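Everything quoted here is computed from the prediction, not taken from an experiment.
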Amino acid sequence: MDQARRMKLSADSAWAPLAVRVFRALWIAQLVSNTGTWMQTVGAQWLLLGHSAALLTLVQTASSLPVVLLALPSGVLADRYDRRKVLLAAQFAMLVVSTALTVLAFQGAPSPGVLLGLTFLMGCGTALMGPAWQAIQPELVEREQLGQAAALGAVNMNLARAVGPAVGGAVVAGAGAGWVFAFNALSYLGIASVLLLWRAPAARQSITPGEGLLAAVQAGRRYVWRAPGVRRVLLRTALFIPGATALWSLLPLVASRSLGLGSDGYGLLLGVMGVGAVGGAFALPALRRRLGANGILAAGALVFAATLTVLATTRAPWLAAAAVLPAGLAWIGVLSTLNAAVQQRFPGWVRGRGLAIYLVVFQGGQALTAPLWGMLADGVGLTSAMLIGAGLLVGSALSVRHWPMHNAEGIDPSPSAHWPVPPLVFDPGPADGPVLVSVTYRVAPRNWTAFTERMQQVARSRRRTGAVTWGLFQDGGDPDRFIENYLVSSWSEHLAQHRSRLTANDRRFENEARDLLAEGTAPEVTHAFDASAGSMVRTPGSLTPPASSGAHVA
C-alpha cells in the first residue's frame with residue numbers, strides 16, 4: 001500500500017479526529033464529565049423510583065426542557081462572544097449547582113421538587129454550553145472529519161453510558177446517591193481545565209453591531225427557514241426523537257417492573273447499550289459507505305422499534321440486554337449522521353444560532369415527549385406504551401423514502417467576501433434603512449427561463465443573509481432587462497452581507513445565474529434608502545463623489 005493510500009485511510013478512520021491534541025484532550029475531559037452525568041441520572045431516577053411513572057420521566061424533562069427555553073439565546077451568546085469563555089461559564093455554573101445537590105443529598109434525600117429543580121438548573125448549564133460546544137467542532141477538526149468527530153461525540157456519550165450507569169447504580173446501592181452527585185460535581189473541573197489551557201482562535205464578531213437579542217435570534221431563524229437542507233435535517237430529527245425517547249424514558253420502569261432488577265441491574269442495561277454504541281463506532285464508517293446517511297436513519301429507527309418491541313414483551317433480563325445492545329449502535333448511527341449533516345451546512349457567522357435551533361428540536365423532542373410516555377404508561381400500561389413508540393419509529397423509517405436528507409456534498413459554507421463596498425456619495429449610519437438593493441441584468445431570450453430558475457437559489461441566499469423581501473421582475477418595455485429587488489432592514493445589515501455573511505456557495509449561485517447574461521454585459525447595482533419620512537434626504541451640498549464608479553456586485 002503506497003503512502004498516499006495509507007494517509008487516506010488514516011484520514012477516513014473513525015478515530016482520526018483524536019490525532020488533534022485539543023480535540024483529544026476535550027474528548028477525554030468530556031468522557032469523565034459525561035460519566036458523572038450518567039451516574040447522577042441514575043441516582044436521581046432511583047431516588048424517584050417509588051413515585052409515579054410520570055414523575056420519574058420528569059427527570060429527563062427537567063434536564064432537557066432548558067434547552068428548549070434557552071438554546072436560542074445561548075446560540076446568540078455563542079455567536080456574539082468568545083465561545084471558549086461561554087463554555088467556561090457553563091462549566092462553573094454547573095459545578096456550583098451540582099455541589100449544592102451533593103450537599104443536600106448527604107444531608108438527606110432531597111424532595112422530588114428540589115431534586116427536579118436542581119436538575120432543571122443543571123439543564124440550564126447544558127443549554128448554555130450546547131450551541132457553543134457544537135459550534136467549536138469545525139474549529140477543532142477539518143470539515144472532512146466532522147462526521148467522524150460527531151461519531152466520536154456519540155461514542156463519548158455512550159462509552160460514558162456503558163460505565164456511568166453501572167458504576168452509579170453500584171455506588172447508589174452501596175454508598176448512597178450523594179457520592180454519585182459528588183463525582184459529577186468534580187467532573188466539570190476537567191473540561192474547565194482544558195478550556196483554560198486551550199489557545200482558541202481569535203473570536204470573530206458574527207453579530208451585526210447594534211443588533212439586539214431578538215434581532216439576532218430572528219437572523220438565525222431566517223437562515224434556517226431559507227436553507228432547505230437544514231430544514232430537512234430538522235424534519236428527520238423531529239420524526240425520530242419522539243419514538244426513541246420512549247426507550248430512554250421507560251427503561252427504568254422496564255428494569256424495575258418487568259425485569260425485577262435493582263439500580264445496579266438498570267445501570268447494567270444502560271451499560272450494555274453503551275457498549276453497543278462504542279462497538280458501533282468501528283462499524284459506522286463501513287455502514288455509512290454501504291447505506292448512506294438516509295439508509296442509516298431508516299435502519300436506526302427500525303432497530304429502535306425492534307428493541308422496544310422486545311422490551312415490551314419479555315421478562316427475561318438476558319433477552320432485554322441482548323435487545324438493547326444493537327440499540328446502542330443504532331443510536332450512535334442516527335445521532336452522528338444528524339449532527340454531521342447539520343454542522344456541515346452552517347457558516348461561521350450563524351453557526352451557534354443554527355445549531356441552537358437543531359438542539360431545540362432534538363432536546364425539545366425529548367423534553368416534551370418524555371412525560372407523555374410516562375403518563376401513557378400509567379394510563380394504558382407499560383407494554384402498550386412501548387409498542388406505540390415502536391410504531392412511531394417504524395413510521396419514521398418508512399418516511400425516509402419520501403423525505404430523505406439532501407446530499408451535503410458540494411456544500412461549502414466557508415466565508416466569501418466577494419462583494420466590494422458600494423460606491424455611495426454619502427455615508428449612511430448603521431441604523432439607516434431600510435435599504436432597497438436593485439440589480440439589473442440583461443438576459444438573451446433563449447436564457448430567460450433558465451435564468452429565472454437559477455435566480456431562485458440566489459433568492460434563498462439573499463433571504464438567508466439578511467433580505468426581508470425579494471422579487472425578480474421583467475421589464476415590460478424591454479423584456480431582456482430583468483430587475484432584482486430586495487429589501488434589507490438597515491445599512492449595518494447590508495454591510496454584514498458584504499463583509500461576513502456570504503459563503504462560497506452564495507458566490508457559486510450568483511455565478512451560475514450570471515453565466516446566462518447577454519454577452520458583454522454585467523449587472524448594474526443601485527442602493528436606495530427610505531426617504532418617505534424625509535430623514536434620509538440629503539442636500540446637494542452634503543454629497544461627495546463616489547469612491548469608484550461602474551457596475552459592481554451588490
ring-ring contact (aromatic ring centres under 6.0 Å, His included) pairs, two or more places apart, involving residues 309-328: none
Tell me, please, which residues at least two apart from [X] pass salt bridge (charged side-chain N to carboxylate O under 4.0 Å, His left out).
X      : value
Arg236 : none
Glu453 : none
Arg24  : none

Out of Thr383, Leu382, Ile388, which residue meets the side chain to side chain contact (heavy atoms under 4.5 Å, CB included) rule with Met386? Leu382
Is Val230 close to Trp225 at the side-chain level, that is, under 4.5 Å between some pair of heavy atoms? no
Does any part of the side chain of Gln91, heavy atoms only, come nearer than 4.5 Å to the side chain of Met129, both counted from C-beta? yes
Considering residues at least two apart in sequence or located in another chain, which fulfil the side chain to side chain donor-acceptor pair (under 3.5 Å) criterion with [X]?
X      : result
Trp27  : none
Arg507 : Ser416
Ser461 : Asp506
Arg221 : Gln218

Excluding sequence neighbours, so at least two apart, what forms side-chain contact (heavy atoms from CB on, under 4.5 Å) with Gln456? Trp470
Counterpart residues, side-chain contact (heavy atoms from CB on, under 4.5 Å), relative to Leu235 (two or more places apart): Arg232, Leu239, Trp403
With sequence neighbours excluded, what pairs up with Phe181 under the ring pair (Phe, Tyr, Trp, His ring centres under 6.0 Å) test? none
Report the residues that fulfil ring pair (Phe, Tyr, Trp, His ring centres under 6.0 Å) with Phe304, sequence neighbours left out, ordered by chain and then residue number. Phe240, Trp331
